[in-house]
Amino acid sequence: MDFHRHALILAMIEALRSQGSRTGKTPIIKGLFLAKAAGLDVPFELFLYKHGPYSTDIEDNLDQLKSYGAIEVEPAFDGYGVKFSPGENASFVKKQVSLSADEQAMIDKVCQFIRSKNVSQLERLATAAWIRTEEGITDPDDVARRLNELKPHISLSDARNADREVLGFLQVE
Amino acid sequence: VLQNFSDDPYLKKYGSGTFPTDWRELMKCTDHEVLAALRDAASSPTDELRFLAFPLMNRKHLRTIYEQVSTHKKKRPTVFEELFEFAKNTFGPEQVRADAYGPKSERNNFLVLTEDGSIESSLEVSGVIAGLAPVEFGFIFVAPDLKEKAKSRIGAELQRLLNEGTGTSKGV
């Protein structure tokens with residue numbers, strides 16, 4: 001087991017909770033991707049999926065955390081997926097690995113950025129960040145066009161706004 | 001035989017080490033060929049695959065000395081890795097094997113048509129589905145001659161680890 005990976009996921013869950021945000025799979029995965037896009041070394045494999053960057057690797061690690069009681073899971077009663085919270089063995093993960101100050105700061109920064117975003121907004125922002133950092137497209141018009149091409153349900157105008165917002169996040173360092 | 005032992009080290013060394021991708025060639029490799037080759041290898045003292053074939057043909061396969069249960073893992077998350085290391089150090093790595101799977105969750109989030117006609121998430125309408133634990137297993141095996149001794153040593157080590165709890169293990 002890689003407790004550094006577990007510590008990153010756990011820190012995301014705790015930071016999202018402290019912001020009063022949803023702690024479902026989407027904010028955790030999109031948040032970790034945004035942290036990677038902003039320069040954090042995020043040791044998970046991510047790929048562009050139906051609703052933006054996704055990671056079965058992170059899903060597997062959530063299962064591992066669940067298996068020894070480091071996190072708990074319960075259905076979100078608004079009908080959208082599940083929510084995670086730290087479990088009784090969360091302290092065990094922290095005993096194994098302490099995140100660096102930079103890692104913790106980046107996770108806090110990401111969670112602050114996404115705290116009031118719904119899944120549709122997260123999809124746009126994370127996909128725009130993917131286009132910029134993984135596909136190397138940097139011209140705002142090109143990013144918006146590519147985002148619209150990948151996700152036709154996102155209008156060009158929404159794509160431009162999403163790119164502008166994510167660029168602001170990525171550039172504030 | 002092919003299906004049951006497809007992950008067997010004997011089959012990995014048998015022939016060219018992989019099955020042919022041409023189905024006509026694959027069909028020539030039946031249980032009969034594999035069993036005959038196993039018998040030959042097991043009965044020939046000079047055959048380089050004898051050490052793998054002999055245990056298969058003479059019921060000298062490895063025996064289970066530990067099966068992980070979820071309560072052990074919750075008390076000591078690294079218990080399986082630590083017991084495997086302990087077994088290898090105590091009995092020699094060549095005498096010990098481990099097999100583990102998971103934890104993996106089933107993708108249980110599907111839509112359910114309820115009696116009033118509304119459509120809800122399965123996770124919302126069933127606490128049982130939402131609370132299903134991830135599927136996971138872990139086994140440690142040893143050579144048959146060591147079974148009794150290894151079981152008792154592993155049992156004692158398991159007790160020690162569980163009594164110690166989550167407090168001291170680091171970097172497994």
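Protein chains get the first letters and strands the later ones, always in sequence-line order, with residue 1 at the start of each.
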Self-check item: Within one Ile-Leu-Val-Met-Phe-Trp-Tyr cluster: B:Tyr101 and B:Phe139, side-chain cutoff 4.5 Å
Solution: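 Same cluster.
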Quiz item: Same hydrophobic cluster for A:Leu48 and A:Tyr54, using side-chain heavy-atom links shorter than 4.5 Å among ILVMFWY?
Solution: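 Result: yes, single cluster for both.
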Atom [atom1] of residue position [X] - does it have more than 12 heavy atoms of other residues, nucleotides or ligands inside 6.0 Å?
{"X": "A:Tyr49", "atom1": "OH", "value": "no"}
{"X": "A:Glu135", "atom1": "CD", "value": "yes"}
{"X": "B:Arg50", "atom1": "CZ", "value": "yes"}

Quiz item: Do you know the tightest heavy-atom contact between A:Lys66 and B:Pro134?
Solution: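 The pair with the smallest heavy-atom distance is CE-CG, 3.8 Å.
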Practice problem: Supply the atom-to-atom distance A:Phe92 CZ to B:Lys74 NZ, rounded to the nearest 0.5 angstrom. | Solution: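 Interatomic distance, A:Phe92 CZ to B:Lys74 NZ, rounded to 0.5 Å: 14.0 Å.
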Self-check item: Proximal component of A:Glu59, with respect to chain B [non-hydrogen, under 4.5 Å]
Solution: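 Looking at A:Glu59, just its side chain touches chain B.
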Quiz prompt | 4.5 Å side-chain heavy-atom contact, B:Val79 and A:Tyr68 | solution =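 No - every pair of side-chain heavy atoms lies 4.5 Å or more apart.
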Exercise. Sort B:Pro103 into side chain, backbone, both or neither according to what part of it lies under 4.5 angstrom from a heavy atom of chain A.
Key: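 Answer is both: backbone and side chain atoms of B:Pro103 are under 4.5 Å from chain A.
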